[in-house]
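Computed from a prediction, not measured in an experiment: that's the story for all the values here. Just so it is clear, the values below take in all heavy atoms, side chains as well, and ignore hydrogens, waters and symmetry mates. In what follows, chains are A, B, ... by sequence order, proteins preceding strands, each numbered from 1.
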Amino acid sequence: MLTVILPDGSRKQFDRPVSSFDVANEIGARLAKATVVAEVDGKMVDLHSPLPTAGEVNLRLLTKKDPEALAVMRHSAAHVMAQAVMRLYDGVQLAFGPTTGSGFYYDMRLEHPISEEDFPKIEAEMQKIVKADERFERRDVPRDEALALCRELKQDFKVEHIETGLADEKTLSFYRQGEFVDLCRGKHIPSTSHIGSAFKLLSVAGAYWKGDSDREQLQRLYATAFFDRAELDAHLEQLAEAKRRDHRVLGKQLELFTVSQLVGSGLILWLPKGAILRQTLEDYIKSELRKRGYEAVYTPNIGKVELYETSGHFPYYSDSQFPPIEMKDGERYLLKPMNCPHHIMIYQAKPRSYRDLPVRLAEFGTVYRFEQSGELSGMTRVRGFTQDDAHIFCTEEQVADEFRNCLEMTQTVLASLGMNDYRVRLGFRDPKSDKYVGGDAVWDRAEASLKAVCESMNLPDMSIEPGEAAFYGPKADFVVTDCIGREWQLGTVQLDYNLPSKERFGLEYIGADNHPHRPVMIHRAPLGSLERFVGVLIEHFAGAFPLWLAPEQVRVLTVSEKSDAYGREVEKLLADAGLRVTGDYRGAKLNAKIRDAQVQLIPYMFVVGERDRDNRTVAIRDRLEGDLKEPFPIDAAIAKLKEEIAAKTVRQVAAKQPAVAADRESQNEY
RNA sequence: GCCAGCGUAGCUUCAAUUGGCAGAGCACCGCAUUCGUAAUGCGGGGGUUAUCGGUUCGACUCCGAUCGCUGGCUCCA
């Protein structure tokens, strides 16, 4: 006797073997038809797989209204897409086909290079399979049988995967729909008709087998599916909208930055308006640094190769550096890829006492890294960038407080810009890799203290990720998502017991005991790189910056030439008050001037006509609120803006794109 | 670096029948208009169709190479 408990608490009893589908059918034929997948005691199961014959189970029947059901359907759609491709092209070898946060993909090998022109054909074939309403049938088989089956199907990747990735599995499951059979963990929808017609192939890309660039490159087909056409349309519209606020598009439109072929790829040229953004941010960071006891330093853009051999950067990252500049006498200089070795030289410029610590050396340091050409992207991935860098040299006892202060400063800075949507990633070493300097004991100590500090701070969405450490130490990265769903590391705080060590720079300070001791280093950059940060910031505000950051804060618009002289007077008063102001004195109509300023996302427009001239007032038009109606005396108008600037008020942040963001893979490929 | 796609005026707004005279809109410049909260009218300039080579009577269009960009993979101190 089986007792099934439904979410509403009601119970049903069965004395015959039943599946979740049978239970649904018992409740109602319509429910049975609408159910996509079931959850038994919290675990997802196929609708038609048998329930236990005795005892009690909690059963949830999931329909397309349940978000979990969507991922299951998309996974099934991935199978159907693979089936369609196999029908259209010969010799298809399947690799992995998981779902993602916003859709799914399938990696496969085939002779024919798939292009977007093939998408309609593939979609049409998928539609046929959906119409045929093929059932998804699961089969669990012992591993030797599974191997035999995959060999028979000539699926080399699946054979390899069973032999390596799934070496510990005793039985393996396959799913079949129609003629298509795939090694797969599941779960799946009952039959292909549940996919409906709201699916779309999105792009094709290369992807390495098992993510290994030394191995074969496969074709990856990206697609998405929804239960309703309207949801698909909304998703596609969101993608289009995200593209419109891409920092590369807005950067050009708003004249913030450019890249010149002649200067070189990945080298940002800051245009005057972009430079204002950057300067304003730098000034803000500088004021924070002063408050927090940092000292400013300046260091050159190159250093001898030996410096970076000692630090380890040169041997570890020689591939991603501009090659050394070689002098006639054999001296070699490197464009600096990091600021820390230079700052270490400053630390070492004189003997240090424990009384001096912590020493906090800050610099907006420009560094150069030769990123692979395929990686370059707008301002977010570049070959030359400036870090809001600083290095803290402190005693072991001071580490926790210093580290906490760095994290806290980063949080303060992000919060002041309305950037609340980020996650914190603790990058620890990968125990299997040998790319790290320093012994295990040092690393264990560093990771433990970093973890303890972070756990005491309630950081958002914190995760520990092995293999994400810097080669010299573990770190806490602040990771944000851009408008098309890509994650970027911005702020970072890194703990370093290695560069100070005897094997590297052998840093010392004299302790209270009059003996030399080894300091600990913290590397930190709240914004990370100015280039990347501004790129993300452009998308964060969709180009509509808060007043304190806006390159042009206010524009004076004259109603006609009759108010020209007064307009220029107002403009001068604003400029004298320290505001970034321009005036529009064209012969155009006011409506046209307003439209231009509005399109250029200017926070405030001061409209002046003859009435204003006579009353010494301005009519304020707020970018967000429109005409404020009541005219302001000039002084009051200036005071209003200065107040908003002083408070660094953030009035509006671009709407999030929920379907695009956080595209992390789910683990259902097997 | 790898896979795929795309390069037409300042513009990520785009057009140009099967290969047959490179064209609009916006922006820019000039003239007229003097206007009170999202585009005034008229006129004008602007192109070696990314670059180089090939096929052809003829190439924006077809083929090849190079450069650049885009999406993804790998990498990211």
Side-chain angles (χ1 to χ4, degrees), chain A residues 105 107 113-118 202-222 240 243-244 246 248-253 255 258-261 264-265 308 311-317 319-321 336-341 367 369-378 380-382 387 427 435-437 468-473 475 477 484 486 488-489 492 494 496 499 523 529 532 557-564 586-599 605 607-612 619-623 626-629 631:
Chain A
Y105 64 80
D107 285 350
I114 294 176
S115 78
E116 287 186 25
E117 285 171 25
D118 300 318
L202 297 175
S203 63
V204 60
Y208 298 106
W209 166 235
K210 297 224 165 174
D212 183 346
S213 59
D214 290 332
R215 304 207 54 181
E216 185 177 357
Q217 191 160 52
L218 310 169
Q219 300 193 58
R220 174 172 295 180
L221 264 177
Y222 280 96
K243 256 192 176 155
R244 282 191 279 277
D246 188 319
R248 291 166 297 191
V249 176
L250 290 172
K252 188 178 277 185
Q253 271 169 15
E255 297 181 7
T258 189
V259 177
S260 147
Q261 254 190 67
S265 297
Y308 291 98
S311 71
H313 292 102
F314 187 67
Y316 276 88
Y317 292 100
D319 286 351
S320 41
Q321 282 164 5
K336 73 175 169 189
M338 272 197 107
N339 301 305
C340 32
V367 298
R369 300 177 185 175
F370 192 78
E371 305 287 358
Q372 300 181 63
S373 61
E375 292 305 337
L376 301 176
S377 179
T380 43
R381 195 75 190 267
V382 294
Q387 298 172 312
K435 75 165 193 175
Y436 306 99
V437 296
E468 289 291 326
F471 74 86
Y472 48 73
K475 56 178 183 166
D477 290 331
I484 54 176
R486 292 182 293 205
W488 298 100
Q489 172 196 314
T492 183
Q494 313 181 347
D496 182 1
L499 293 184
H523 310 233
S529 109
R532 176 177 292 176
L557 309 183
T558 48
V559 173
S560 79
E561 234 165 71
K562 290 175 193 158
S563 40
D564 242 44
R586 293 175 300 169
K589 282 173 71 170
L590 180 60
N591 277 345
K593 296 182 183 183
I594 286 173
R595 191 191 133 82
D596 285 348
Q598 197 80 37
V599 167
M605 294 166 230
V607 176
V608 295
E610 291 172 274
R611 282 206 302 273
D612 298 289
I620 299 182
R621 186 185 165 95
D622 180 325
R623 190 183 63 78
D627 185 4
L628 298 186
K629 305 295 181 195

**Student:** Mind checking which stems touch RNA chain B? I mean at least 3 consecutive Watson-Crick or G-U pairs, both distances under 3.5 Å.
**Tutor:** B:1-7 with B:67-73, B:28-32 with B:40-44, B:50-54 with B:62-66
**Student:** Going through the distances and angles, do A/Asn339 and A/Gln387 end up as a side-chain contact (heavy atoms from CB on, under 4.5 Å)?
**Tutor:** CA-CA 9 Å; A/Asn339 301 305; A/Gln387 298 172 312; 3.1 Å; yes
**Student:** Between atom CD in A/Glu116 and atom C1' in B/rG72, what is the gap in whole Å?
**Tutor:**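 Distance, rounded to whole Å: 12 Å.
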**Student:** Does A/Ala207 reach a base, just sugar-phosphate, or nothing at all? Heavy atoms under 4.0 Å.
**Tutor:**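 Sugar-phosphate contact only - A/Ala207 comes under 4.0 Å of backbone atoms but never of a base.
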**Student:** Look at all strands and tell whether A/Tyr208 reaches a base, only sugar-phosphate, or nothing, counting heavy atoms closer than 4.0 Å.
**Tutor:** base
**Student:** May I ask you to say what A/Arg244 touches in the nucleic acid, namely base, sugar-phosphate or nothing, with a heavy-atom cut-off under 4.0 Å?
**Tutor:**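 Here A/Arg244 touches no strand at all.
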**Student:** Determine, for nucleotides 31-42 of chain B in 5'-to-3' order, which nucleotides have protein heavy atoms under 4.0 Å from the base (write B), from only the sugar-phosphate (write S), or from neither (write -).
**Tutor:** --BBBBBBBS--
**Student:** Looking at every strand, decide which applies to A/Lys336 at a 4.0 Å heavy-atom threshold: base, sugar-phosphate, or nothing.
**Tutor:**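 Nothing, no heavy atom under 4.0 Å.
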**Student:** Does any part of the side chain of A/Cys340, heavy atoms only, come nearer than 4.5 Å to the side chain of A/His313, both counted from C-beta?
**Tutor:** yes
**Student:** Would you please confirm or rule out a distance under 4.0 Å between OP1 or OP2 of B/rC69 and any side-chain N or O of A/Lys252?
**Tutor:**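 So the side chain of A/Lys252 is outside the cut-off, no N or O lying under 4.0 Å from OP1 or OP2 of B/rC69.
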**Student:** Identify, with sequence neighbours excluded, every residue that meets side chain to side chain contact (heavy atoms under 4.5 Å, CB included) alongside A/Ser373.
**Tutor:**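 Checked A/Ser373 against side chain to side chain contact (heavy atoms under 4.5 Å, CB included); matches are A/Arg383.
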**Student:** Using the C1' atom as the reference point in each nucleotide, state the distance between B/rG23 and B/rG30 in Å, no decimals.
**Tutor:** 23 Å
**Student:** Could you measure between the two P atoms, the one in B/rU18 and the one in B/rU55, and give it in whole Å?
**Tutor:**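 Per the computed distance, 25 Å lies between those P atoms.
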